[in-house]
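Both backbone and side-chain heavy atoms feed into the values below; hydrogens, waters and symmetry mates do not.
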Protein chains: 4
Amino acid sequence: MPKISDEKRAARRTQILEAAWSCFQAQGLHATTMDDIIKASGLSAGAVYSYFSGKDALILAAVKTSLGDLQALLEPLLREPPPSPGVFVERVAAAVARFSARDGYDLRRVALLGWSEAQRNAQLRETMRGFYLAFRDRLADAAALWKKAGALGADASARDVAKTLLSAILGFVVQSAIMDDVEPKDLARGLRDLGKGGNADAG
Amino acid sequence: MPKISDEKRAARRTQILEAAWSCFQAQGLHATTMDDIIKASGLSAGAVYSYFSGKDALILAAVKTSLGDLQALLEPLLREPPPSPGVFVERVAAAVARFSARDGYDLRRVALLGWSEAQRNAQLRETMRGFYLAFRDRLADAAALWKKAGALGADASARDVAKTLLSAILGFVVQSAIMDDVEPKDLARGLRDLGKGGNADAG
Amino acid sequence: MPKISDEKRAARRTQILEAAWSCFQAQGLHATTMDDIIKASGLSAGAVYSYFSGKDALILAAVKTSLGDLQALLEPLLREPPPSPGVFVERVAAAVARFSARDGYDLRRVALLGWSEAQRNAQLRETMRGFYLAFRDRLADAAALWKKAGALGADASARDVAKTLLSAILGFVVQSAIMDDVEPKDLARGLRDLGKGGNADAG
Amino acid sequence: MPKISDEKRAARRTQILEAAWSCFQAQGLHATTMDDIIKASGLSAGAVYSYFSGKDALILAAVKTSLGDLQALLEPLLREPPPSPGVFVERVAAAVARFSARDGYDLRRVALLGWSEAQRNAQLRETMRGFYLAFRDRLADAAALWKKAGALGADASARDVAKTLLSAILGFVVQSAIMDDVEPKDLARGLRDLGKGGNADAG
DNA sequence: GATGAATGAGTCTTCATTCAT
DNA sequence: AATGAATGAAGACTCATTCAT
C-alpha cells in the first residue's frame with residue numbers, strides 16, 4: 001500500500017479511539033485488554049500499535065479526545081452564557097446528560113474513569129487540570145457578566161462562584177453516574193431553593 | 001491449636017485493610033498487586049487469603065471500610081445540622097479535607113478510585129449507591145429542619161436541595177483532588193454569593 | 001511450602017541454568033525462547049522468573065557459570081604450569097576439548113555465543129574481559145617461570161608471550177568449533193615447528 | 001517500464017548490505033530488526049525484500065560479503081608470503097586491525113557475530129568452514145615455502161603450522177575484540193619469544 | 001493455622017513478511 | 001517496479017491464587 005492519505009489516517013485513529021472507548025466504558029480502563037480494543041477496532045495488533053505507541057498512549061488520547069468533545073459541547077454555553085447561574089448549570093447538566101445517552105459512550109462514566117486514572121498518570125493529570133482550569137476561567141468570566149447584569153450581587157466573588165458552579169457540575173456527573181436519579185432541573189431547583197433562604201447571608 | 005481470638009482476627013483484618021489502602025492510593029486499584037499488599041501488610045500470602053477471598057473482596061472491603069469511616073466522620077454533622085446549608089457544606093468539605101490530610105490516606109483519591117471501580121463491579125456499585133442514598137436522605141432531613149427554621153424558603157424542595165448539596169460536596173471532592181486549589185470556605189462563599197442574586201428566581 | 005533450604009535453592013538455580021545452556025547451545029542465545037528454557041527446566045514460568053529476573057540475567061548467569069567452570073578446569077594447570085608453553089597449550093586445549101565432549105554442553109560453542117553476546121551487553125563484556133585479563137595475568141606468571149627455567153629465552157616478554165598463548169588457545173576454540181578437525185597435539189606440534197626455524201629471529 | 005540496469009541492481013545490493021552491517025555491528029544480528037536495516041538503507045521494505053528473500057538470506061549474504069572482503073585483503077599476503085611466519089601473522093593481524101578501524105565496520109566484531117550465528121545456521125556454517133579451510137590450505141602452501149626457504153625446520157608439518165597460525169590469527173581477533181589491548185607486534189614478538197626457548201623441543 | 005514457593009493463564013508488545021495500490 | 005500500511009504469530013514477563021510442608 002502506498003502512502004495513506006491524512007484523512008484516512010485520521011479516520012483510522014478515530015476508529016481505534018472509538019473502539020477503545022466502547023471497551024473502556026464497558027469494562028473499565030484496566031480491565032480492558034489491548035486485545036479487546038484490537039478486536040473491537042477490527043484492525044490487527046500491529047496496525048493499532050502503529051497508531052498508538054501503547055496502552056497508556058491510547059488511554060491518554062482517548063481521554064483527550066473526550067475532553068475535546070466536551071469542550072465543543074460546552075463552548076456555545078460559555079460563549080453566550082444564559083441569564084443566570086441556575087439556568088447555566090441546568091443547561092450544562094442537560095448537555096452532559098444528552099451526551100451520555102449516546103450509544104456506547106457515556107460521558108459520565110468516562111469522566112469517572114479518567115479521574116481515577118489521573119491519580120497515577122501524571123501526564124493525564126496535567127491534561128485534565130489544564131482543561132478544568134480553563135473551563136473554570138470561562139466560568140469566572142460568565143460570573144462577571146452575571147454580576148454586571150445583576151444576576152449576582154455586586155460583591156460576589158467571581159472566582160468562588162466559578163469554583164462552586166464547577167463543583168456542582170462535577171458533582172452532578174458523579175451523582176448521576178452512580179445513582180442515576182438526578183435530573184438537570186433538580187439541580188436548578190435546588191440551587192434556586194438554596195438561594196432563597198430567609199437568612200441566606202448566614203450560609 | 002487454640003483458635004485465634006476474635007480481637008486478633010479483627011486486628012489482622014484492619015492491618016491488611018490499611019496496607020491495602022496505602023497501596024491502592026499510591027498506585028491505583030489495578031496497578032496494586034496482591035503482592036504489594038501482602039508485603040505492606042507484613043503477613044504471608046496465605047494469611048491474607050485466609051482473611052479475604054481475593055483481590056475483589058479486598059477492594060470491596062476496603063471501600064466499605066472507607067465509607068464507614070466517612071460515615072462516622074459526618075455523623076455528628078448530620079445528627080445536629082449547622083444553622084444553614086452553606087455552613088453545612090463548608091463543614092463537610094472541611095471534614096473531608098482534614099480526613100485527606102492524614103498520612104497515607106487521602107479520602108478524595110480513595111473516592112475517585114472507588115467510583116471508577118464501581119463502574120465494573122456491581123456489588124461495589126450497590127454498596128456505594130446505598131451509602132450515598134442514605135446520606136442524601138439525611139441531607140433531606142436536614143433540609144426539612146432548615147425549612148422549619150427559615151434558613152430555606154417554605155416552598156423549597158428538600159429532595160432537590162439534598163441532591164444539590166450532595167453534588168456540591170462530591171464535586172468538591174473531585175475538584176479538590178484534581179486541582180488542589182479549592183478551600184471549603186470558597187465553596188461556602190460561592191454558595192452564598194449564588195443565593196444573593198438580584199433576580200435569583202430567574203435561576 | 002515453607003521456606004526452602006539454601007541447598008534446594010541452589011539446586012533449582014543449577015537446574016534452570018543447565019536447562020538454559022542445553023537450549024542456548026542447541027539454538028543460540030537469541031533463538032532460544034524463555035519458553036524453551038522453562039519447558040526444559042521442568043519448572044513453571046513463574047518459578048524460573050523467581051530465580052532469574054529475565055532473559056538477560058539468565059544469559060549473564062549462564063555465561064558466568066560457564067566461565068567459573070572453565071576457571072576450575074584450568075586452575076590446576078595454572079597453579080603448577082607444565083614444563084613448557086607447548087605442553088601447556090596442548091593441555092589447555094585438551095581440557096577444553098574434554099569439557100566440550102560432555103553431553104549437552106560444548107564449551108567451544110558456548111564461548112562463541114558468549115563472545116557474540118558480549119558485543120551488545122556491557123555487563124557481560126566486562127565480566128568476560130575481567131576473566132580473560134585475570135587468565136592472561138596467570139599466563140604471564142607462568143611465562144616468568146618458564147623464563148627462569150630456561151624454557152623461554154631470558155629476553156622474552158612474559159606479557160607478549162601471554163598474549164600470544166591466549167590467542168592460540170582462543171583461536172583453537174574457534175577453529176575447533178567451526179572446522180572440528182583440530183587436535184590439541186596439532187597445536188603443540190605447530191608451535192614447536194614454528195620455534196625451530198633456521199632464522200626464527202626474523203619472525 | 002525498462003528493467004533496472006544490472007549496475008543499478010548491484011549498487012542497491014551493496015547499499016542494503018552496508019546498511020545491514022552497520023546495524024548488525026552496532027546491535028548484533030538478532031537485535032537488529034529488518035526495519036532497522038530498511039531505515040538505514042533508505043529504501044522501502046518491499047525494495048529490500050526484492051533484493052533479499054528474508055533476514056536469514058541477508059545475514060548470509062552479509063557474512064559472505066564480509067568474508068569476500070577479508071579474502072581480498074589477505075590475498076596479496078598469501079600470494080607472496082612474507083619471509084617468516086612471525087612476519088606473516090603480524091601483517092595479517094595488522095590488516096585485520098586496519099580493516100576494523102573503518103567507520104561503522106569492525107571486522108573483528110563482525111567475525112564474532114558470524115561465528116555465533118554459524119552455530120544455528122547450517123548454510124552459514126558451511127560457507128564459513130569452506131572459507132577457513134581454503135585459507136588454511138593457502139597457509140599450508142606458505143608453510144611449505146618457509147620450509148624450503150629454511151624459515152621452518154625441514155621436518156615441520158605444514159598442516160600443523162597452518163592450524164597453529166590460523167589459531168593465532170583467529171585468537172587475535174577474539175582477544176582484540178574483547179580486550180582491545182593487543183597489537184599485531186605483540187603477537188609477532190610473542191611468537192618469536194616462544195621460538196627461542198632453550199629447550200624448545202620440549203614444547 | 002501459617003507459610004511462601006510454585007503455578008500458568010493471560011498481558012502487552014514486537015517484528016518478519018506480504019500485497020493492495 | 002516500488003511503496004509502506006497492515007498482518008498476526010510469537011515472545012517476554014506478570015500476578016492472582018493455591019497447596020505441600
Side-chain angles (χ1 to χ4, degrees), chain A residues 1-5 8-9 12 30-39 41-58, chain B residues 1-4 8-9 12 30-39 43-59, chain C residues 1-5 8-9 12 30-39 41-58, chain D residues 1-4 8-9 12 30-39 43-59:
Chain A
M1 295 162 194
K3 215 161 195 135
I4 212 172
S5 72
K8 196 108 189 165
R9 264 200 85 78
R12 277 269 201 272
H30 285 89
T32 293
T33 69
M34 283 304 285
D35 207 50
D36 291 334
I37 297 172
I38 287 159
K39 290 255 168 64
S41 74
L43 295 172
S44 67
V48 169
Y49 274 89
S50 84
Y51 285 90
F52 297 95
S53 65
K55 198 179 180 185
D56 276 354
L58 200 38
Chain B
M1 263 171 240
K3 257 201 164 121
I4 209 168
K8 194 111 189 174
R9 273 199 77 81
R12 278 271 211 277
H30 288 275
T32 293
T33 68
M34 283 302 284
D35 203 53
D36 290 334
I37 298 172
I38 287 161
K39 290 257 169 59
L43 297 174
S44 69
V48 169
Y49 273 87
S50 82
Y51 286 89
F52 297 94
S53 67
K55 196 179 179 185
D56 277 350
L58 200 38
I59 289 176
Chain C
M1 296 162 194
K3 214 159 196 137
I4 214 170
S5 72
K8 195 110 189 165
R9 266 200 83 79
R12 278 270 202 270
H30 284 88
T32 292
T33 69
M34 283 302 286
D35 208 50
D36 291 335
I37 297 172
I38 287 159
K39 291 253 168 65
S41 76
L43 295 173
S44 67
V48 170
Y49 275 91
S50 85
Y51 284 89
F52 297 96
S53 66
K55 199 180 177 183
D56 277 353
L58 201 39
Chain D
M1 257 172 249
K3 258 199 163 127
I4 210 168
K8 194 115 190 167
R9 271 198 78 80
R12 278 269 212 277
H30 288 276
T32 293
T33 68
M34 283 302 285
D35 203 52
D36 291 334
I37 297 171
I38 288 161
K39 291 257 168 61
L43 298 173
S44 69
V48 170
Y49 272 87
S50 82
Y51 287 88
F52 297 95
S53 68
K55 197 180 178 182
D56 277 350
L58 200 38
I59 289 177

Sort me out a list of protein N/O and nucleotides 8-11 of chain E N/O pairs below 3.5 Å, or just none if empty.
| residue | atom | partner | partner atom | Å |
| --- | --- | --- | --- | --- |
| E/dG8 | O6 | C/Gly46 | N | 3.1 |

Work out which heavy atom in A/Ala31 is nearest to a heavy atom in A/Asp36; give both atom names and the distance. O-OD2, 3.9 Å
Can you check the [X] [atom1] to [N] [atom2] distance for me, whole Å?
X	N	atom1	atom2	answer
A/Ile4	F/dA6	CD1	P	4 Å
A/Asp56	E/dT13	CG	C1'	13 Å
D/Ile38	F/dA5	CD1	C1'	12 Å
B/Lys39	F/dA16	NZ	P	12 Å
A/Tyr49	F/dA5	OH	C1'	18 Å

Does F/dA6 have OP1 or OP2 under 4.0 Å away from a side-chain N or O of A/Arg12? yes
Just N and O in the side chain of C/Tyr51: are any of them under 4.0 Å from OP1 or OP2 of E/dA6? yes
What's the verdict on side-chain contact (heavy atoms from CB on, under 4.5 Å) for D/Lys55 and D/Ile37, showing C-alpha distance, side-chain angles and the deciding distance? CA-CA 10 Å; D/Lys55 197 180 178 182; D/Ile37 297 171; 5.5 Å; no
Based on Watson-Crick and G-U pairs with both distances under 3.5 Å, what dot-bracket line describes DNA chain F 5' to 3', crossing pairs as [ ] and inter-strand pairs as |? .||||||||||||||||||||
Return whichever of C/Leu43 or A/Gly54 has its heavy-atom-nearest nucleotide of DNA chain E closer to the 5' end.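 This one resolves to C/Leu43.
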Considering residues at least two apart in sequence or located in another chain, which fulfil the salt bridge (Lys or Arg N to Asp or Glu O under 4.0 Å) criterion with C/Asp35?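 With sequence neighbours excluded, C/Asp35 shows a salt bridge (Lys or Arg N to Asp or Glu O under 4.0 Å) to C/Lys39, given in chain and number order.
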